[in-house]
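Remarks on the structure that follows.
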There are 2 protein chains.
Amino acid sequence: MLICGDRRRVDRREAILEAAEALFLEHGYDRVSLGAIVKRSGGSLATLYELFENKQGLLRAVVGSAVEERDDAIEAMIADGHRPSEVLRAIARNLTASLSAPRMIGLMRIVMIEGLRDPEFARRFYSEYSHVWTLHLAALLQQWNDAGLAVIDDSEGAADLYFSLLLHDVQMRGLFRTSDDEPSDGRDPSWRIEPFITHYRVQ
Amino acid sequence: MLICGDRRRVDRREAILEAAEALFLEHGYDRVSLGAIVKRSGGSLATLYELFENKQGLLRAVVGSAVEERDDAIEAMIADGHRPSEVLRAIARNLTASLSAPRMIGLMRIVMIEGLRDPEFARRFYSEYSHVWTLHLAALLQQWNDAGLAVIDDSEGAADLYFSLLLHDVQMRGLFRTSDDEPSDGRDPSWRIEPFITHYRVQ
DNA sequence: CGGGTAATGTAACATACATTACAAGTCAAC
DNA sequence: GTTGACTTGTAATGTATGTTACATTACCCG
């Protein structure tokens, strides 16, 4: 027994996670009832409780499964042998979309609110989802500095400034605008990091 | 009659607003009951409804009264005859505290959530509270450019980058960390805008 | 002091919701 | 096909909460 019995279980789990994520992102955690989630996912309330313990557990699972899918696009780009300034522009182009996508923005919203109840939860999310990029980039900047390809004393501070330039506007606008009118001018977002390249003399 | 009768009314109104703001900032809008607000403010549920119509009206009033108190520190600093780069550093020092204070961060949180229900509300808040700074600074940058004190073609874009550098880290950290441990290193935040000064050749 | 307006306390009301219980149904494996 | 674990549908439970109603009290003004 139960050779393929996991199958149903996994399907139910994914269906519920998908429905819960969609509704949480659209209306916020507190304004979505478990009944509404089950109505959307199919299945029954009982299985939801079987799989996720309670509503808070479901939220954790939703956020956790989204974090897992974090793509490591930055790794790939580092390998390229391009000039550092071009690498920075490429990272800008590749990361802006995913870090300002409605899914990311919506996750941020619900995590921030849940953080009022459980600070550690929000802190971990921020660390895993955002600060991790800073650390990756800081390492890269340090290499460039040591190789004479840039002049950067505080590499972590510099990486922070890079992401500030890149993401502040797009993320704040996303957080305060739920719907998707005003389609964020199609300009290449890499113009935003030019002050960074100039100041740190990135070759 | 009612010459000084407004007095009680105004007192009640302010007491309720104060209690509601404190509780909303601490726990979030959805997780605070009107009963809890009244218990804290003193008074009665009936007066709350008399003054604010309903819970949503109370939220609007809380946010509205906070926005009114926006200080115009930036105006004062422009008058000074200092070098532009010093003016930028002074603005950085003066605005960082107020735009990253717990009150501001908490307001942002509740407005962002309410924005899921009423997008126009969130949009207006963002525009009045944040975008207005960008426009003010853009005008200043334009003047400097015209006077040969800086090289800035897109003054609004530049102003946006300035505030991105200055606020992204401190606001994001605030949004994801409800309590106030890790007291935000006492460093002068003006170091964050040095790339701006370098890139735009601000004198 | 007396009169009326407004504030208070309390309770009622309807609803929504998280959570649990359980009987009936479904599916996979032998 | 039959078994048995898992899933489903539905209802029950208890509680919290937005909102309204109302009788009572406190306050301000003439």
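Across the protein-nucleic acid pair, B:Q56 atom CD and D:dT17 atom P stand 18 Å apart, rounded to whole Å. The interatomic distance linking A:L48 (CG) with C:dC17 (P) rounds to 15 Å, in whole Å. Rounded to a whole Å, the CG atom of B:L34 is 19 Å from the P atom of C:dT15. What separates OH of B:Y49 from P of D:dT17 is a distance of 12 Å, to the nearest Å. Rounded to whole angstrom, the span from the CG atom of B:D11 across to the P atom of D:dC27 amounts to 12 Å. What separates CZ of B:R117 from P of D:dG18 is a distance of 11 Å, to the nearest Å. Rounded to whole angstrom, the span from the CZ atom of A:R13 across to the P atom of D:dT7 amounts to 13 Å. For the pair A:K39 NZ and D:dG9 P, the interatomic distance rounds to 12 Å; values are reported in whole Å.
Residues B:Y200 and B:F196 bring their aromatic ring centres within 6.0 Å.
Comparing A:A46 and A:D30 by the nucleotide of DNA chain C that holds the closest heavy atom to each, the one mapping nearer the 5' end is A:D30. In terms of position along DNA chain D, the nucleotide closest to A:L51 lies nearer the 5' end than the nucleotide closest to the other residue of the pair A:L45 and A:L51.
Among A:K55, A:R123, A:R60, the one residue that satisfies the salt bridge (charged side-chain N to carboxylate O under 4.0 Å, His left out) test with A:E114 is A:R60.
The 12-atom threshold is exceeded at CZ of B:R103, counting heavy atoms of other residues, nucleotides or ligands nearer than 6.0 Å. Other residues, nucleotides and ligands place no more than 12 heavy atoms under 6.0 Å from the CD atom of A:E18.
Looking at the side chain of A:S33, the nearest of the listed nucleotides D:dT20, C:dT20, C:dC17 is C:dC17. Nearest nucleotide to the side chain of A:R12, out of D:dT19, C:dA18, D:dT7: D:dT7. The side chain of B:K55 lies closest to D:dG18, out of D:dG18, C:dT8, C:dA18. Relative to the side chain of A:T47, the nucleotides C:dG9, D:dT7, C:dT19 differ in distance, and D:dT7 lies closest.
A:V38 comes within 4.0 angstrom of nothing in the nucleic acid, heavy atoms only.
Note on ring orientation: taking the six-membered ring where Trp is involved, the planes of A:F125 and B:F176 are parallel (angle under 30°, cut-offs 30° and 60°).
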